[in-house]
Each structure stands twice: as C-alpha cells, then as structure tokens.
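Keep in mind it's a predicted model, so treat the numbers as computed, not measured. Residue numbering restarts at 1 for every chain, and letters A, B, ... go by the order of the sequence lines. The analysis underlying the following values was restricted to heavy atoms, covering all of them including side chains, and did not include hydrogens, waters or symmetry mates.
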Amino acid sequence: MTSSPSDPVAILQAAFRSAIASTLGDAYREVDPLIKPSGKPEFGDFQANAAMGLAKKIGTNPRKLAEQIMQAADPLLEAIAEPLEVAGPGFINITLKSEALVEMLKGMDDESLGVITDSDPHPIVIDMCSVNVAKQMHVGHLRSTIIGDALARIFERLGRTVIKQNHLGDWGLPIAMVLHHLRESGQNLDDLDLDDLNHAYRQAQLETKADVRGLAAALEMNAGPHRIVELEEQAAGAQKALEDSKALLVELQQGDPGLLADWHKLIDCTMRSVYESLALLDVTLGPEHNCGESFYRDRLPDVIDAFTRFGLAEEDHGALVVKFDDRDRPLIIRKSDGGFLYSTTDLAAVKYRAGELGADRVIYVVDARQRDHFRDVFDAAHLIGWDQTEDGAPVELNHIAFGSVLGPDKRPLKTRSGKNITLNSLLTEAIKRGTSEVRKRAADPAAPTHGLTREELGTIGKAVGIGAIKYADLSNDLARDYIFNFDRMIAFEGNTGPYLQYAHARVCSIFAKSGLALSDIEGADLILAEPAERQLTLLLLRYGSIITDVGRTLEPHRLCTYLYEMADTFSAFYQQCPVLKAPDDALRKSRLRLCDLVRRVIADGLGLLGIDAPRQM
RNA sequence: GCCCCGGUAGCUCAGCUGGAUAGAGCAGCGGUCUUCUAAACCGCAGGUCGCAGGUUCGAGUCCUGCCCGGGGCGCCA
C-alpha cells in the first residue's frame, strides 16, 4: 500500500512515525501515531494522540513526551503545517496550511478521487444472495444481496478482482421434499409457477413434520388413547413422507435422469423470479454466478477422506464429527446414515474457493443465525489447512453476520395476514412510492423536474425507491436487526438515500446553471479562504481512506456516515459561500471546482453502495 | 444449562485499535424563501451510555459479575 499525496492522514502518519522514532529510538518506528481528524475546529485540522499512550508504557510524563515529539515533527511538517501545538494531557494539534490543502485536493482530482488501489492478483469471493430453490426469495435474501453487491463494488473500486457467487440451496432434503410432493400430487412441472412451488413447499413441510414432537408431548402428558393413536398415525405418515423424500434425495444424488430433469425445472422456476428481483435491484448476479450446493456434490467424499486422513475427524454415535478444543459443540461432517450435510458442502466450498479459485479472502454474506456454523466451518478449514491458496497466501474467511429485517412489531417482517413478504412485492412498492414522491415534486411548475416526461420521472422514482431501501439496509451497523419502515427510509430528511440523492442533484443543478463546461474549471485555481471551504476540503480528502476502511472492516455504514457528513458539510458551504454569485470570477471557478469534486464523491460513493444518483430530482 | 449478538436522548441510530465538554436525524419548540432546488438551512430543548464493581492520568469503548431483548446449541439447510 503506497501513501497517496492526497491523503493528509498518511502524510502526517509518516512524519510522526519518524518523529517518534527519533525521539524514542528505532524500536518505536512502527508505532501508530494515532492521527485523527480533529474533534473540534478550534483544535485544528488533525490531532496526533500517540504521546499519551506511549508515555504510559514508558512511564514518563505524557505532556513532556508530546512536546518532544512535537519538536521532532515540526521541522518535518514545516512545508505543509502551521506550527504544532500541544494541548490538554498530551494531544498534538495540527493545522494544515491552505496551500498544502490545495495541493492535496489537486492530487485527488482525477478518476481515483483519492482511492488507492491494491494490485493483489488473488480474487475475492463474495458468497451472497444464497436463495433456496423451492422457496420464494424473500426479505431475508434482500440484505445478503444488497450487502454483497455493495462489498463487491467496493472491492472492485479498490482494484481487486471479485468473484460473486450465489450459493444456491439446491441440493438438500428440502428440495427433495418439494420434488416428492409435486410428483405425488401429479403436478405438471412444465407450467409450474412460483405459487405452486410455495404451496408445495409448505405442504411438504406439513406432511413431514406432523408431528413427532406432538406425539412425544402427548405421551409425556398422558393424553387419552384416542389422541395418542391419532398422533401415531400422523407421525407414521410423516415418517413415510420423510423416508420417501430421503429416498428420492438419494436417487437424485445418484443422478437419476428423470429426477434430474424435474429438478432442473424446479430450479428454473425459482430462478426466473429471482432474476426479476435482481433486475429491479440493479444487482448483476446471473446464472454465471450460480455456484450452489449441487456444484460441490462430487467433492463431498474428498472432504470426508481428507479429514479422516489427517486424523481430524472421529466417529461419534455413528456420525463423523470434527471436534474442537475450545467448545463442546462438534461439527458433524457426515451423518450416521452416510449422508452429507451443509457443513460438508461448506468445507468443500472453502477448499474450492481458496484452492482452485485462488481467493485470499472469502466473504460470506449470510444472516447472523449461522454464526456458530461458520465459526465451526472456518475453524475446521483452518485445522486442515485449507485456508491458504496454492501459492501460500493466507486466506481470510469472513462471515458478515447481518441482523434480521423486522416489522413494526419487532418480529420478523410479515404481511398483515402473517405470510412472508415477497421481495418482489416489496421492491415494487418501493418503486411506486419513490415515483409518487418524484411526481408530486415535479407537479410544481418551479421544480426543475417539471418538464420531464412520465418515463423520465419513472426512472428517477425507481432510483429513489430502490436507493431508499438499499441505503436503509447499509447505513446501520450490519450486526443489528433493523425495523423496516418505508416512511422513514424514503423520507428526504435525515440520513437517508433520497436525502443524499437530493444533495447530489442540487450540486448538479448549480453546475448546470453556471453555463460552464467541465473543461472551463478543470485547472482552475483553488482558493480556500472561508472556514466552510476548508471544512469541505478536509472532508473530501478523507474519501480514499474511508473506502479503504470499508474494505478492511466490511462495514459499509461507515461510507454512509461519511456521505451524509459530506452532504451536511456541503449544505453549510452552500449556505455560507455563494458559488454562482461569488464576488469574482476566480472565486466562482474555485467554488465550482469544489462543487464538482463534491458531486463526484457523492456519485461515486452512492455508486459503491449500488445506488443511482440522478442529476435531477 | 452453555455459547453468540445487541442495550447510547421520547423514537431510529453514529461514536474509527481507550482520549479533550458523548454526536446526528426524526418527533417537539423557535427562526430563515423577490436570494445558486425550502425535498433545504440555522437555533433551542432533550443523556445515570442497561446495572454494579474493577483496570488508569483518562472508560460509551477494556476486564468480571448480574439484568433485559434476540439468536444459536450432533446427524435440517
């Protein structure tokens, strides 16, 4: 990672590193000087906070140490910073010279926008969406898709090769159950629609689950003989349906041609609807990204062999398990009936992604309920050494354990009638709401959108509606559950997608009204006299490091917070610094150039979140 | 029973490897449109950071215990 001349933090870090080393000796060359944007403008632009921690470690006076470091750093920064100051218990406050800020701003004023790319040739695999065939895509898959897509865009922006994979649930017992049910009921699989599939899924669930537990409870609670017999018959029926489904799964897994053909029909039916939703979301994820459970079916025996060969698996009650030193829970990799499980598949997937695809990072965007599972799988992969590429690079396995989407009652989101809300209906509703907001505004003759066609307004409305959903999903800490609230997410006030889109449109509008072309301001002098101009500049200069941070932490909400702050800071600038009505031409061009940078940063940032930024709204 | 995640203003949430007086947005109150998009901006008010200990110059942040909410826990995925 090189340091960009446009990133003040990187420049200050380098200077303070050597200042610390020359104060305390070479042993301290690698300590982080803890450069942070200053909390308050009166403390300057940045602060170095390392002196206090170091003083504690060494056992010296923090303020005194800060002064020593400051004296060493001062000459190094003479060209770009005002004289440094020590404040409080040992903060070193830094104010940059305006000329230096101008140079840094020019440094980011190209396509990069200050984002430093990484040329590591290993791809990054992102496991996202993960629909279950035989089940309609619902809000649960929304987050996985939106988050995965945003991360994919961010890593591509950082210069990495990204392989998106849709790890379809297409090979387990549930799909066998549905297939069994459809065959039993004589359904014609050629004109199967999603409702048939959903119905079949639910019926199959009922058939096989009704209801061994009920029987056990009835026995335990000394229910009457009639009730027992009734439940026993039901349970026997369930057992039979389940046995049949299991048998069908075995046939399927052995490659029975007729069954395979039916299986494909089922998948096609589900995926047609999935692709519709993905198109509405503007997420590029097609058949070429499908790499589901069935893909690994021939690789499962090898997983068992390898774990057995390395002595990492042992038999327990007939099943084959991997045990860990630090937890009671084992990972079952083969059932006592010889069948494989999703843990077997997931281990095969780790091996494939790291070993064959050569990925040095695999990101699983799967909901938080699978935390324990992935912890076990990752640890098992580590035990056997599959978490490295063939060229020896260590592989980072990350599970993005995102929270649930809840309804207003804080229970998993359902319709009033208690059904799961389908993703398609949700997206359609969002687009409808977005469009109606945009139309409402366009009805005003003074609105810039007034003359637009119905179609143009529809395009903007879609961007607003979908953007609102995506932003609501990405702007919170992913680990939290979040309450789905259309009214809040589509509001134009506060930290929402539409607010940012609006801020972007306003900047565009200034430029459009200026009557100038981009080429007119390209080399314009930048004049940073007003505090608002400085604040805007300091924020613009942070863009690159924010993107790097998101790549490191996998926390897209940091980008959201940044963009919101950008819109806010721009508003302050906009209020305090006339652009088109600036007192002279030089200032006008300087401010337009600042506006242009703001516009590009917001558009780029929203783009990384998968959100469109219309030029008008 | 064990494990994991969360608990910050009335509501929804930020708070970056411990740093200066804990920040936003909604909602509430009060201002700002002949002025570059008022879908905006400015101001006021609002806090025992779940509770109790501990670590230290300094804790929302780290450690221990407890409370509340959610999730998970051997042959479903």
Side-chain angles (χ1 to χ4, degrees), chain A residues 32 34 36-40 43 47 49 52-53 55-56 61-63 87-91 93 130 132 169 171-175 177 208 293 316-321 327-337 339-343 345-346 367-373 375 401 403-404 406 410 437-438 440-441 444 446-449 464 472 475-477 479-483 485 488 491-496 498-499 501-503 505-514 545-546 549 553 555 557-558 560-561 564-565 568 571-572 574-582 591 595 616-617:
Chain A
D32 187 339
L34 298 174
K36 295 180 182 189
S38 169
K40 301 214 162 172
F43 296 142
Q47 51 184 263
N49 293 345
M52 294 170 285
K56 183 196 264 185
N61 179 295
R63 224 187 129 95
F91 299 99
N93 289 338
S130 309
N132 296 315
W171 201 241
L173 190 58
I175 196 164
M177 280 159 50
T208 51
E293 291 167 352
D316 192 344
H317 296 82
L320 197 67
V321 305
R327 74 205 74 153
D328 296 333
R329 175 185 70 235
L331 181 68
I332 302 178
I333 58 174
R334 193 184 62 205
K335 295 190 278 187
S336 51
D337 68 1
F340 305 120
L341 304 95
Y342 74 140
S343 50
T345 307
D346 281 334
D367 75 83
R369 286 174 302 187
Q370 310 233 11
R371 233 184 209 118
D372 291 346
H373 168 67
R375 186 171 172 223
S404 309
L406 307 178
K410 301 202 174 183
E437 290 292 333
V438 170
K440 205 194 296 169
R441 169 69 174 162
D444 178 356
T449 47
V464 170
S475 58
N476 286 349
D477 183 356
R480 297 178 88 105
D481 292 347
Y482 84 95
I483 296 171
N485 181 333
R488 185 179 292 137
F492 290 76
E493 304 91 33
N495 190 6
T496 68
Y499 172 81
Q501 288 171 319
Y502 177 62
R506 288 170 89 192
V507 189
C508 289
S509 169
I510 293 173
F511 210 86
K513 281 208 173 157
S514 72
S545 66
I546 291 288
D549 280 354
T553 62
E555 292 177 350
H557 78 277
R558 292 186 191 218
C560 298
T561 304
Y564 181 64
E565 215 176 314
D568 204 41
S571 287
Y574 180 81
Q575 214 70 22
Q576 288 158 37
C577 303
V579 178
L580 299 180
K581 293 171 183 170
R591 287 179 179 169
C595 286
Q616 291 178 305
M617 60 187 283

Rounded to the nearest Å, what distance is computed from the [atom1] atom of residue [X] to the [atom2] atom of nucleotide [N]?
X         : N      : atom1 : atom2 : answer
Tyr564(A) : G25(B) : OH    : P     : 5 Å
Asn61(A)  : G58(B) : CG    : P     : 14 Å
Asp372(A) : A77(B) : CG    : P     : 17 Å
Leu34(A)  : U17(B) : CG    : P     : 10 Å
Gln370(A) : G72(B) : CD    : P     : 10 Å

Handout entry: Note, Thr496(A) side chain near Gln501(A) side chain (heavy atom, < 4.5 Å)
Key =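 Side chain of Thr496(A) against side chain of Gln501(A), heavy atoms only: no contact under 4.5 Å found.
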
Practice prompt. Could you check if the base of C33(B) is syn or anti? Syn means the glycosidic torsion is within 90 degrees of 0.
Written response: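 Base orientation relative to the sugar is syn.
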
Please tell me which of Ala572(A) and Lys335(A) maps to the more 5' nucleotide of RNA chain B, matching each residue to the nucleotide holding its nearest heavy atom.
->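 Result: Ala572(A).
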
- By nearest nucleotide on RNA chain B, pick out whichever of Val579(A) and Phe492(A) is the more 5' one.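 Its nucleotide being nearer the 5' end, the pick is Val579(A).
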
From the options [options], select the nucleotide whose nearest atom is closest to the side chain of [X].
X         : options                : value
Ile332(A) : C75(B), U37(B), U17(B) : C75(B)
Arg506(A) : U37(B), G19(B), C75(B) : U37(B)
Glu493(A) : A39(B), C41(B), G19(B) : A39(B)
Lys513(A) : C75(B), C36(B), A40(B) : C36(B)
Tyr574(A) : A77(B), C75(B), C36(B) : C36(B)

What residues, two or more places apart in sequence or in another chain, satisfy side-chain hydrogen bond (donor to acceptor under 3.5 Å, both in side chains) together with [X]?
X         : value
Arg375(A) : Asp326(A)
Asn476(A) : none
Arg591(A) : Glu533(A)
Asp372(A) : none

Identify whether any heavy atom of [X] sits under 4.0 Å from a base atom; if not, whether one sits that close to sugar-phosphate; answer base, sugar-phosphate or nothing.
X         : answer
Ala55(A)  : nothing
Gly318(A) : nothing
Gln47(A)  : base
Ser509(A) : base
Cys577(A) : base

Is [X] reaching over with its side chain to a backbone N or O of [Y], donor-acceptor style, under 3.5 angstrom?
X         : Y         : answer
Thr345(A) : Glu293(A) : no
Asn485(A) : Arg488(A) : yes
Ser404(A) : Leu406(A) : no

Legend entry - Those residues that, when tested against Lys513(A), pass side-chain contact (heavy atoms from CB on, under 4.5 Å) (two or more places apart):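 Testing Lys513(A) for side-chain contact (heavy atoms from CB on, under 4.5 Å), a comparison that skips the adjacent residues, returns Leu580(A).
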
### Partner residues of Ser571(A) under the side-chain contact (heavy atoms from CB on, under 4.5 Å) criterion, sequence neighbours left out
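Ser571(A) satisfies side-chain contact (heavy atoms from CB on, under 4.5 Å) with Tyr499(A), Arg506(A) once adjacent residues are dropped.
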
Using nucleotides 29-35 of chain B, report all nitrogen or oxygen pairs with the protein that are shorter than 3.5 Å.
unit_1	atom_1	unit_2	atom_2	d
U35(B)	O2'	Lys581(A)	NZ	3.0

Counting only distance, no hydrogens or angles, is the base of G18(B) paired donor-acceptor with the side chain of Lys56(A) under 3.5 Å?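 For Lys56(A), whose side chain was compared with the base of G18(B), there is a donor-acceptor pair (under 3.5 Å).
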
Item to complete: Not counting sequence neighbours, which residues clear ring pair (Phe, Tyr, Trp, His ring centres under 6.0 Å) with His557(A)? List them please.
Response: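 Listed in chain order: nothing, the list is empty.
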
Of all residues at least two apart in sequence or in a different chain, which pass the salt bridge (charged side-chain N to carboxylate O under 4.0 Å, His left out) check with Asp549(A)?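 Checked Asp549(A) against salt bridge (charged side-chain N to carboxylate O under 4.0 Å, His left out); matches are Arg552(A).
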
(request) Kindly write out the residues that satisfy salt bridge (charged side-chain N to carboxylate O under 4.0 Å, His left out) with Lys440(A), not counting sequence neighbours, or none if the list is empty. (result)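 Per chain and number, Lys440(A) pairs via salt bridge (charged side-chain N to carboxylate O under 4.0 Å, His left out) with Glu437(A).
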
Just to be sure I understand: a Watson-Crick pair is purine N1 to pyrimidine N3 plus N6-O4 or O6-N4, both under 3.5 Å. Using that and G-U wobbles, which stems of three or more pairs involve RNA chain B?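 Expected stems, ordered by start: B:1-7 with B:67-73, B:10-13 with B:23-26, B:28-32 with B:40-44, B:50-54 with B:62-66.
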
Every protein N/O lying under 3.5 Å from an N/O of nucleotides 5-15 of chain B:
unit_1	atom_1	unit_2	atom_2	d
C5(B)	O4'	Arg371(A)	NH1	3.2
G7(B)	OP1	Arg480(A)	NH1	3.3
U12(B)	OP1	Lys410(A)	NZ	3.4
A14(B)	OP1	Asp477(A)	N	2.6
A14(B)	OP2	Arg480(A)	NH1	2.9
G15(B)	OP1	His557(A)	NE2	3.0

In whole Å, what separates the P atom of G18(B) from that of G60(B)?
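The same atom, P, in both gives a distance of 13 Å.
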
Quiz prompt | Face-to-face stacking of Tyr502(A) with A40(B), centres under 5.5 angstrom, angle under 30° | solution =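 Whether judged by distance or by angle, Tyr502(A) falls short somewhere, so it does not stack on the base of A40(B).
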
Would Phe43(A) count as stacking on A20(B) if stacking means ring centres less than 5.5 angstrom apart and planes tilted under 30 degrees?
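Yes, the aromatic ring of Phe43(A) stacks with the base.
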
